[in-house]
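What you see below is based on every heavy atom in this structure, not just the backbone, and it leaves out hydrogens, waters and symmetry mates. All figures in this text were calculated on a predicted structure; none of them were measured in a lab. Below, chain A is the first sequence line, B the second, and so on; all start at residue 1.
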Amino acid sequence: MSETATTMAMSKALNQSLRKALESDPKVLIMGEDVGKLGGVFRITDGLYKDFGEDRVIDTPLAESGIVGTAIGLALRGYRPVVEIQFDGFVFPAYDQIVTQLAKMHARALGKIKLPVVIRIPYGGGIGAVEHHSESPETLFAHVAGLKVVSPANPSDAYWMLQQAIECDDPVIFFEPKRRYWDKGQVDVESVPGDLHKAVVVKQGADLTLAAYGPMVKVCLEAAAAAANEGRDLEVLDLRSLSPIDFDTIQTSVEKTRRLVVVHEAPVFYGAGAEIAARITERSFYHLEAPVLRVGGFHAPYPPARLEDEYLPGLDRVLDSVDRALAF
Amino acid sequence: MSETATTMAMSKALNQSLRKALESDPKVLIMGEDVGKLGGVFRITDGLYKDFGEDRVIDTPLAESGIVGTAIGLALRGYRPVVEIQFDGFVFPAYDQIVTQLAKMHARALGKIKLPVVIRIPYGGGIGAVEHHSESPETLFAHVAGLKVVSPANPSDAYWMLQQAIECDDPVIFFEPKRRYWDKGQVDVESVPGDLHKAVVVKQGADLTLAAYGPMVKVCLEAAAAAANEGRDLEVLDLRSLSPIDFDTIQTSVEKTRRLVVVHEAPVFYGAGAEIAARITERSFYHLEAPVLRVGGFHAPYPPARLEDEYLPGLDRVLDSVDRALAF
Amino acid sequence: MSVKSTAARRTTRGGAKRRGDEPGLVQLLTPEGERVEHSEYSIDLTPEELRGLYRDMVLTRRFDAEAITLQRQGELGLWASLLGQEAAQIGSGRATRPDDYIFPTYREHGVAWTRDVDPLNLLGMFRGVNNGGWDPNENNFHLYTIVIGSQTLHAAGYAMGIAKDGADAAVIAYFGDGASSQGDVAEAFTFAAVYNAPVVFFCQNNQWAISEPTEKQSRVPIYQRAAGYGFPGVRVDGNDVLAVLAVTRAALEHARSGQGPMLVEAFTYRMGAHTTTDDPTRYRDDDERVEWASKDPIARLRTYLDQQGLADEDFYAGLGTEADALAKRVRDGVRNMRNPETMAIFDHAYADGHALVDEERAQFAAYLDSFADSRGEGAANGSPTTDSAADSAAGSATGTATDSAAGAGKGH
Amino acid sequence: MSVKSTAARRTTRGGAKRRGDEPGLVQLLTPEGERVEHSEYSIDLTPEELRGLYRDMVLTRRFDAEAITLQRQGELGLWASLLGQEAAQIGSGRATRPDDYIFPTYREHGVAWTRDVDPLNLLGMFRGVNNGGWDPNENNFHLYTIVIGSQTLHAAGYAMGIAKDGADAAVIAYFGDGASSQGDVAEAFTFAAVYNAPVVFFCQNNQWAISEPTEKQSRVPIYQRAAGYGFPGVRVDGNDVLAVLAVTRAALEHARSGQGPMLVEAFTYRMGAHTTTDDPTRYRDDDERVEWASKDPIARLRTYLDQQGLADEDFYAGLGTEADALAKRVRDGVRNMRNPETMAIFDHAYADGHALVDEERAQFAAYLDSFADSRGEGAANGSPTTDSAADSAAGSATGTATDSAAGAGKGH
Ligand SMILES: Cc1ncc(C[n+]2csc(CCOP(=O)(O)OP(=O)(O)O)c2C)c(N)n1
Ligand SMILES: Cc1ncc(C[n+]2csc(CCOP(=O)(O)OP(=O)(O)O)c2C)c(N)n1
Ligand SMILES: [Mg+2]
Ligand SMILES: [Mg+2]
């Protein structure tokens, strides 16, 4: 890193990554609502319209199915559209095009056509927003074959994973943890990135593994720091990818620590933690000293902003689960 | 049962149940594509248009979002719409209205309005159909708070669970195992049904629990019969409901048999088996002799008809998992 | 139908072309406050009625301004201002009968006013204490709908229900120019037409969908869309409260009398930002706003009232006092609005109960109780007892976004 | 726009009203085979071209008939017949250039024919050996799309790409009268109009969407929908191959020349069942079909050829032989179509690979291998070795549905 690395917020890293993609491949397009002059409601596309023009950075009609459906058509014509969905809760009008067409068309054609479409979705809560602006629908995509689903947790991953998603010949649902947009970190635009779908051990530990992705990685790191004060040595994994999931890295960690807690904002019920718990328990049955525990949202609609701090899994709820796992 | 019970196919039981609902409550409406004169492509609404007229049995425009969206409006006006989606793969255009509006409107109104809408979806494979006609998208609904998700496995449950779904003041996604439509069973239209969301032990056993729902219950019963020949005594649960899930009944069974295999047609990855495995492992950690194993679809688009017999979990794959669970 | 005869022409943008005297634009009161007649739509109001409309618009604008202030002060997380759209909303709202049913977007504060919905009710979701929460059946005014276009289908369905009941009420579905692109709106047109449902689709074309001008949604005026679905469409000067009232009355009457749906496009202008987090300087010329200021809906009615001598100083003074009182009531009401109890997270997820919700509620309650005694260092950051957590949530709902981009994220 | 002037009238159903001489219906060859002129659309074809169109229609019909037979014989799981729509498909398909791009539904066998797509390719999905599988870029003919309306957006997007490339090709999106209700189609209209994309929306209004007549989708003729989106719409006699060719050529030229999208509604009739599993006697009068038989697209061109002496017995005899050969090739081809290998389940789920797919593939292969040696009684029912399983799958694809309701389930 060092020399070529600079400090920037995740929002800036995403912006730089899109700029890089537009520069290096004339087939890359940006599409979405308000991505043009406004630069997107989160300013992720700031300046791109000005520099690349309306042929490359496309303000679309207000119709998500239309955005994804035409992105598919553009991909069939040889373009690589990067679609922005304005907020998590607004992706559902496009859900049919995503799961029925985008995910399946490559297989339908027996591999003869490719669908290199990236769908960027700012997701998750914690920003005090109104309804539909704080959801975590990732498993609704990860369950669907044909899609890849990833989520960066820091600016460097935001930059590189987006590069890799755009280069990927499969459709990628790219979940951006909106409440981390303004968190800063080092980004080295010259380094060689690792595998898009590999999990990373972001903190080594011996007593228990915390596995998270996107917005919750930071919470888990904080929980690990707090636990350290109590003399507990937690390992923290940033999963980075939800389809595929890097089970090998989780397994290696768990067979060392023998305990696993999975943390996400999305509701626990049928959430990503379920899949991880089920598969890791199968893989590492004799290594586990405790059941895999899950910390996440409740089975209720995302609450109004004034309740979200209590709804969202925070430090205390993570530590409570750590206690419970260690008590087994 | 006995006196008032008659033998009928599941399709007929559903038809009778809809007829009963139309008769007993003038607010009940049937809506969908081809539900009128044709009686639906599976003839589930056969004869209802003739007897109740187009005001009660409504052939709709070909627009699933419109069907569910107007059903919501009708529910707000005091009606109890029972919507038919023609096939599993065609529910996605309505997905936004279902998860964003139907599921959340009661909570949004702090309970002041109710949304008694039933969405019937023939689901699953095994009928040799073309693409989009054989999918099992149930967890895509079960993950969403505000919806209830159920699936009958036999004619009696088809009759009664549909009655209960229509009576329920919450939106219910009612998954009908289409390849069981023509299987016959006893239906007692006078009996008092059990709880809509309770799992049922359909075969007692001591060595291992098979948990399934909808189309796979029959396969599991067959597997249990085959296993009996090998001297293995399997218990079979019909889960009946996927939201909520009756974890208590599963737990009781598992704490007796100490082994659990969950079987469904839907892809294993992020499927219902994951949630069940995770939660039961947490609840019954010290009782389990083996990890909860899962048998289901692969992480690939549903294959063309000529491959579905191999794709779908059948007797052999269930027994293979039983072997594996018992080998732990 | 020939290619040439229907060949599409791009609508011309820019001030000069957008006048109320465009062909097809119904107007009864010019921007200069002059009363004009229209061949199809007419209205005859008493002085009291005229003053009533004026009062409605003034109070609505005052309420709206107060909400913006409250947002700036951190009492609301977000606000979607209706500034400039008072005539479109008051005119159409006042055309409704109590038994009609209204399906609003998130911006219909003026319509809510005409339905006697307590303004404080509207503020709950913008403060973050609920997601709506009033009883829609109390005033036949449905909850605000944020997902663009969805409510048009609910309105069509509700109207189908009215027709089934043999009632003679009607429904209004509000939506924006941006919303006109959503498939749901097209499907609502189809259902309403096919079932001849008594619903008026009321499009407030304020010419912007956040940063996108209407040309990004359609290359012809939106009211023209109706004809292709088999029902009439009409464009009305949305800043002319008299014309909006007249046209909406006619449209509702059309619906009630069994003639089916109708589309009204109220041509107006979003004078403010899209919401309090938006920054229109990034995408539109202020000239445009300035030009539209000269078409202000309140000013033109005032000119008319004054010129005709229909209102005196007492009236205006009284209205000023009333507006101040309203603002104060709103201010006090918002400040005193209590945060929901923590356990409200679990309330109303289901009407008939759900075992998992019960289980999670019980577990969470037990977890919260565990903090009652001790937790040690772990609890240092944000101990989740009900009170302190509520405070910190309040902080997050209003204060965490420190830069403009953060602010931009609060809801669109 | 006044209420009255656009007041919707329900289209009148029933034979007599549905004549080619309706205002707005473009016709160049009457049902009686008489050549007529139209003020906007004209065509001048050589005898060879006319015979070519006739040949196309005859061979397409023969192929279609053969497919129905193959389905009855259990060789196909399902078939969606185009009977009656030959002129709409051949006329529009023959209007395209090789560099144009076609987005079909599941019924465009005639269009595929004009694009030189091997008919056997179309049968794979109906036999159940694949879900399409031809290379769309080989003939610029996209895969069949089953989910109603979806492909119209792909077409609009593809056309946006053509415009970006500065190419002068155009796109045709086929869809049905039923599809016109889908939100996706409306959104496709919006995108195409806003970006002025070179796409022709080609609606084959065969008057039925399974059991629902067009009145369930629209109360005005579908071509009228275009105007409200800002582009021209035209209705053509869909059983008149000359008129369809002329109108589609003009529409494609309109698109190519930078004038943006156009909607063509080909007014035709679905002479057969919706698919082989459908039973139209449950919902429509046979009178209607009989009446439409008198407007047959092939018969009317034959009358014209004969009356003008443009084709002789040799031609017809040669065509008969050719049709027989085609039928035989299709029959043999289908019967010899191999089932896919079991492990093809995992192929092409992803282009760039996916760890879980690899893992599941390996596990499943190992599982299947375990049957190579022994499994005991458990394996008795349907041992999943590749060959026998393939056989039993074949059985299931064609034979399990034993009653009519079961048959009805095979795909709509
Ligand atoms: C389905 C959906 N997509 C995106 C958004 C974000 N969003 C909120 S308001 C808005 C613009 C709406 O414009 P318009 O319909 O003209 O209404 P206006 O805000 O001008 O009143 C957008 C894009 C949303 N709420 N729902
Ligand atoms: C989204 C969706 N809903 C339902 C279906 C089932 N379905 C298949 S064809 C059809 C009718 C289509 O009618 P139309 O568009 O007129 O085309 P046609 O079959 O007459 O050619 C229906 C309802 C589907 N394929 N996709
Ligand atoms: Mg607007
Ligand atoms: Mg049709």
Greatest number of heavy atom pairs closer than 4.5 Å to chain A - which of B:Ala266, B:Ala272, B:Ala290, B:Pro244
B:Ala290

Taken to the nearest 0.5 Å, the spacing of B:Leu260 CG from B:Leu293 CG works out to 8.5 Å

Quick one, B:Leu210 and B:Val322 - any side-chain contact, counting heavy atoms below 4.5 Å?
yes

Where does B:Phe285 contact chain A at under 4.5 Å (heavy atoms): side chain, backbone, both or neither?
side chain

I'd like to check B:Phe328 versus B:Leu288 (side-chain heavy atoms, cut-off strictly below 4.5 Å). Are they in contact?
no

Top of B:Ala145, B:Ala94, B:Pro137, B:Gly89 for chain A proximity - count of heavy-atom pairs under 4.5 angstrom
B:Ala145

So for B:Ile276, is it side chain, backbone, both, or neither that comes closer than 4.5 Å to the heavy atoms of chain A?
neither

Not counting sequence neighbours, which residues clear side chain to side chain contact (heavy atoms under 4.5 Å, CB included) with B:Ala277? List them please.
A:Ala278, B:Val292

Highest number of heavy-atom pairs under 4.5 Å with chain B: which of A:Ile245, A:Ile98, A:Val268, A:Val144?
A:Ile245

Using every non-hydrogen atom in the two residues, find where A:Gly125 and A:Leu312 come nearest and quote the distance to one decimal.
C-CD1, 4.1 Å

Report the option among A:Gly297, A:Gly146, A:Ala142, A:Ala107 that has the most heavy-atom pairs separated by less than 4.5 Å from atoms of chain B.
A:Ala142

Just verifying a value: how many Å separate A:Leu147 CG and A:Leu242 CG, rounded to the nearest 0.5 Å?
12.0 Å

If one checks every heavy atom of B:Val91 against chain A at 4.5 Å, the contacting part turns out to be neither

Which distance, rounded to the nearest 0.5 Å, do you find between the CD1 of A:Ile121 and the CD1 of A:Ile85?
6.0 Å

Locate the shortest heavy-atom distance separating A:Gly32 from A:Ile67; write the atom from each residue and the value.
CA-CD1, 4.4 Å

Can you check whether chain B and chain A share any donor-acceptor pairs under 3.5 Å, and give the atom names and distances if they do?
residue: A:Arg108; atom: NE; partner: B:Glu131; partner atom: OE1; Å: 2.7
residue: A:Arg108; atom: NE; partner: B:Glu131; partner atom: OE2; Å: 3.1
residue: A:Arg108; atom: NH2; partner: B:Glu131; partner atom: OE2; Å: 2.9
residue: A:Glu131; atom: OE1; partner: B:Arg108; partner atom: NE; Å: 2.7
residue: A:Glu131; atom: OE2; partner: B:Arg108; partner atom: NE; Å: 3.1
residue: A:Glu131; atom: OE2; partner: B:Arg108; partner atom: NH2; Å: 2.9
residue: A:Thr139; atom: OG1; partner: B:His143; partner atom: NE2; Å: 3.1
residue: A:His143; atom: ND1; partner: B:Phe269; partner atom: O; Å: 2.6
residue: A:His143; atom: ND1; partner: B:Tyr270; partner atom: O; Å: 3.4
residue: A:His143; atom: NE2; partner: B:Thr139; partner atom: OG1; Å: 3.1
residue: A:Leu242; atom: O; partner: B:Tyr270; partner atom: OH; Å: 2.6
residue: A:Phe269; atom: O; partner: B:His143; partner atom: ND1; Å: 2.6
residue: A:Tyr270; atom: N; partner: B:Glu275; partner atom: OE1; Å: 2.7
residue: A:Tyr270; atom: O; partner: B:His143; partner atom: ND1; Å: 3.4
residue: A:Tyr270; atom: OH; partner: B:Leu242; partner atom: O; Å: 2.6
residue: A:Glu275; atom: OE1; partner: B:Tyr270; partner atom: N; Å: 2.7
residue: A:Glu275; atom: OE1; partner: B:Arg294; partner atom: NH1; Å: 2.8
residue: A:Glu275; atom: OE2; partner: B:Arg294; partner atom: NH2; Å: 3.1
residue: A:Glu282; atom: OE2; partner: B:Arg324; partner atom: NH1; Å: 3.2
residue: A:Arg294; atom: NH1; partner: B:Glu275; partner atom: OE1; Å: 2.8
residue: A:Arg294; atom: NH2; partner: B:Glu275; partner atom: OE2; Å: 3.1
residue: A:Arg324; atom: NH1; partner: B:Glu282; partner atom: OE2; Å: 3.2

Between the CG atom in B:Leu102 and the CD1 atom in B:Ile173, the distance rounded to the nearest 0.5 Å is 6.0 Å

